[in-house]
Amino acid sequence: MLEIRFHGRGGQGAKTASQLLAVAFLDAGRYPQAFPEYGPERSGAPMMAYTRIDEQPIRLHAAIIAPDVVVVLDPALIREQNVTEGLDSQGLLIVNTGRSDPTISLSDVEGSVLMVPADEIAQKAGAKHANTVMVGVLAALLGEPSVDQLVTAVDEVMALLPESARDHNRKSVQAGYTYGVSALRVLDDTREERRVQSGLQSSSAAVAVEGTPFARPGAMIRPDDYPVPLTGGWRMGKKPAVHLDRCVNCLLCWQFCPDGAVIIQGNMFLGFDYDFCKGCEICDAVCPTQAVHMVSETTKVGAWGELKEVPTS
Amino acid sequence: MTPRIFFHNPGKDLSHLRVMTGAQGVAHAMRQIDPDVFPVYPITPQTPIIQTLSQFVADGLCHTHILDVESEHSAMSAAIGAGLAGARAMTATASQGLALMVEIIYLAASLRAPIVIAVGNRALSGPINIHGDHSDAMLARDSGAIQIFAESAEEAYDLTLIATKLAEHQEVLLPVMVGLDGFTITHSAEAVDLLPDSAVKDFVGPYAYPFPLLDEKKGTYGPFSMPDTYFELKYQQIESLQNVLTVFEKVADDFFHLSRRSYQAVETYRLEDAEAALVMMGSHAGTAKEVVDHMRAQGAMVGLVEIRLFRPFPRNAVKEALSRISKIAVLDKASSPGTFPPLFLDVAASIDKMSKLISVIYGLGGRNVSVAGLQDVLEGIVADRFPNNAACYLFGNKVWHMT
Ligand code: SF4
Ligand code: SF4
């Protein structure tokens, strides 16, 4: 059995990638299973999707805990999720290096790692997301399914999209495949080739839970119960910034921010907390004086988002 | 590096199969059956069923009138109205939606309205949770509706077809709930073998409710029933459920001739000479089959009893299946605080008292049900780790019980 885990953000097409691969593998004569793992269903939020492939019908309905392959669609996820969890020395990790973050570092990865400039490849093919590129790369490294099977699968899985979008994705899956074929030459060949037997792998990774960990009765959480997730990673390229001399301190942004990401001191507006701001643009919409501007993630601003000059736009 | 070919054998010709989720499978069954009326209110994880079916209707692939109602309570009310008027009616729901619908499911059963309800089984609040377990189905346990549970996407498709023929059988005329585990089945894409449209049409046949409201004969449907009649009418309903066992067998047999896929109210898996067995229903029975194979390969004498027909409970078949098994764990994906969970109680009431029986509650609120966890249940009962009637819980990979 072959087990694959995709890491992506809502909107980056991890679920589509897992299904595309399943459809192409069925065409290649294998039994597939593809399923997403749902957390907070919001674009930008980290999520995972899985594909299982076997030579006989798949009866397992358990989570994948020891994947053979991990595909990371967004390099920034490496800071938010343990992408190598369950991956052993025989494993294969394929990471989209993106455009903005070529310097990601992966500590203690045992298996083979391939970095793919998938955003760039997708852009050249005209595709919006890197997901189909990554599926192409993956298929080339696995030796199955064929590029033709992938292209046919694009048409099936994306049947409801306009033909132009399908065309771009057919091209990006092909470009990814080509990239994968040439990457095979540079990837470490000394590792023993892995042949996986069909059947079960009992995992020792997951811990046994015994009894109930909650000391307090009732469904209620207190601030210190869990580490607060850094929702700042959910921003998709834009962050709020403020021109302080336009701010009239009405605190509407503070009142409406869904994530408590507006920093105040007493009654005074100070700025934005980028660890938690998820870029929803509500502060921009409610600010009565247009003191708030959504700017590109790479724009230089003060620590709390203050802008030096009033933008012309 | 050379490509990592994972498989030894060349691929098979699987062109008869299609990749689809359980929800899509159910929607395909409904497209092929083409019910007249489909009153529905969306709720996760049922929504992809109605979404897919709506697409089929919009594309002209079926002619169902989809009725957007304001709640599940109204959905079931409208379905009863349509069904008794003489139209084939179906609906779909889950969790809180089913909770709101339950009041009217009791009426559907009492009125003998043959309505198929696809249920994307999901935990009931609270706390609020969108993931899979059987607590919603258990809320409708005593409603008088038939309940069937699917193990896979293909089974969800098959059982929707079987449910339709069963519900409408002249000796049955009852609502049927087809349970498919939320997310684990509703949202997982698997290979499904759809039957030809025409074969399905022939299999289910035309809708033929024998006393349609719209025919010549006048009547009052759902009259007030005083103490002098209520009990008898209830008895009639109780008795009607008993017919279901034989009719289910007959319908499943017809379905086998059509599809070569065989369904029993109670499936036994590798029970021959087994000393220990799991009893469970739904998607994780698939995982359990893998666990049984794995342990059998190592010499353990273990097996599985999978309950597909939960209401009426096939007491005799369960008794027969477990008659030679001395160690039994009944797995419930639901709880009944204050007593043992529902499936355990049904099994306990069915079997001879010689066997050792334990209850294991598992998978609540979509908790992952791992291979290691199910294996620990079987190993635990084989090794007599638990006292008779122990109330156990499978939170993770090890069975836990209060000592
Ligand atoms: S964009 Fe504004 S409103 Fe939205 S999370 Fe960030 S600070 Fe809060
Ligand atoms: S809404 Fe605008 S003006 Fe009001 S406090 Fe926020 S930044 Fe200042």
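Lettering follows sequence order; numbering is per chain, from 1.
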Residue list, ring pair (Phe, Tyr, Trp, His ring centres under 6.0 Å) with B:Tyr269, at least two apart or on another chain:
none
Need one label for A:Ala28: side chain, backbone, both or neither, based on atoms under 4.5 Å from any heavy atom in chain B.
backbone
Given a strict heavy-atom distance threshold of 4.5 Å, which part of A:Ala140 is in contact with chain B: side chain, backbone, both, or neither?
backbone
Partner of A:His61 under side chain to side chain contact (heavy atoms under 4.5 Å, CB included), picked from B:Val369, B:Asp181, B:Thr287, is B:Thr287
So does A:Gln56 get a backbone contact from the side chain of B:Lys12, meaning a donor-acceptor N/O pair under 3.5 Å?
no
Evaluate the criterion side chain to side chain contact (heavy atoms under 4.5 Å, CB included) for residue pair B:Thr21 and A:Gln19; output intermediate values, then yes/no.
CA-CA 10 Å; B:Thr21 63; A:Gln19 297 208 328; 4.3 Å; yes
Heavy-atom pairs under 4.5 Å with chain B are the metric here; pick the option from A:Ser18, A:Gly180, A:Gly143, A:Pro57 that has the most.
A:Gly143
Closest-packed option against chain A by number of heavy-atom pairs under 4.5 Å, given [options]:
options	result
B:Ser188, B:Ala285, B:Gly366	B:Ser188
B:Val19, B:Asp13, B:Asp376	B:Val19
B:Asn9, B:Leu374, B:Leu14	B:Leu14

Of the non-hydrogen atoms in [X] and [Y], which two are nearest, and what is the gap between them?
X	Y	result
A:Leu26	B:Ala191	CD1-CB, 4.1 Å
B:Phe7	A:Leu2	CZ-CB, 3.9 Å
A:Ala219	B:Pro127	CB-CB, 3.7 Å

Mind checking salt bridge (charged side-chain N to carboxylate O under 4.0 Å, His left out) for A:Asp27 and listing every partner two or more places apart, or none if nothing turns up?
none
Where does [X] contact chain A at under 4.5 Å (heavy atoms): side chain, backbone, both or neither?
X	answer
B:Ile185	side chain
B:Thr184	both
B:His131	side chain

Should A:Tyr31 and B:Leu17 count as side-chain neighbours, where that means a heavy-atom distance under 4.5 Å?
yes
